[in-house]
Structures are given as structure tokens and as C-alpha cells.
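To start, the structure itself, in C-alpha cells.
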Amino acid sequence: MPQTTETGFEARVQEILLTHGARKRGANAQWDKDIALFPARVISFIADIQPKHWLQMRILYGTKVESMFIRA
């Protein structure tokens, strides 16, 4: 029985996500280590799936909406 490695596991998970759901691999420069997210991608996703609610939040909170949402 072969030994399972963390690297092998990570590679397999990444392969599955890229072929069955994730849009594309993220760039390291876009990754926020403190919150463990790709903030711009999260905001884009929310705006795409909830455009009406996102617009309402933009109207209420203006330019601060993205940072407020990510912090929350």
C-alpha cells in the first residue's frame, strides 16, 4: 500500500477543484494570508450571484463596502 503524502493530497484536491468547479488557479499575489482568502475573487463571486443585494450594499456603504464585507 503506497504512503499518502500531504503534497500528493494537495495536488489531487487542486486537480479536482480545477476540473470540477473552481474557475482558475489563484495568483499568490492576490492571496491575503491574514484572512486566508482571495478578497477580489470573493467580492466578484458575491456580486455575480447576488447583484441586487450587492448594489444595495454599495449604495448604503459606498467605497467601504468591499473591506467591510471581507472583514465580516
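In this chain, residues are counted from 1 in sequence order. Note that this is a predicted model, so its numbers are computed, not measured.
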Is it true that Glu66 and Arg58 have a side-chain N and a carboxylate O under 4.0 angstrom from each other?
->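 Between Arg58 and Glu66 there is a salt bridge, with a charged N closer than 4.0 Å to a carboxylate O.
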Working to the nearest 0.5 angstrom, can you tell me the gap between [X] [atom1] and [Y] [atom2]?
X: Arg12; Y: Leu17; atom1: CZ; atom2: CG; answer: 10.5 Å
X: Phe69; Y: Ile43; atom1: CZ; atom2: CD1; answer: 5.5 Å
X: Thr5; Y: Glu10; atom1: OG1; atom2: CD; answer: 8.5 Å
X: Met57; Y: Gln50; atom1: CE; atom2: CD; answer: 10.5 Å

Do [X] and [Y] belong together in a cluster built from hydrophobic side chains that touch within less than 4.5 Å?
X: Ile70; Y: Leu55; answer: no
X: Val65; Y: Ile49; answer: yes
X: Ile46; Y: Met68; answer: yes
X: Val42; Y: Trp31; answer: no

What do the steps show when you test Asp32 against Leu37 for side-chain contact (heavy atoms from CB on, under 4.5 Å), and what is the final call?
-> CA-CA 6 Å; Asp32 187 320; Leu37 291 173; 5.6 Å; no
Shortest non-hydrogen separation from Trp54 to Ala47 and the atoms involved |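 Taking every non-hydrogen atom into account, CD1-CB, 3.7 Å.
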Backbone N or O of Glu15 within a donor-acceptor pair of the Thr19 side chain at under 3.5 Å?
-> yes
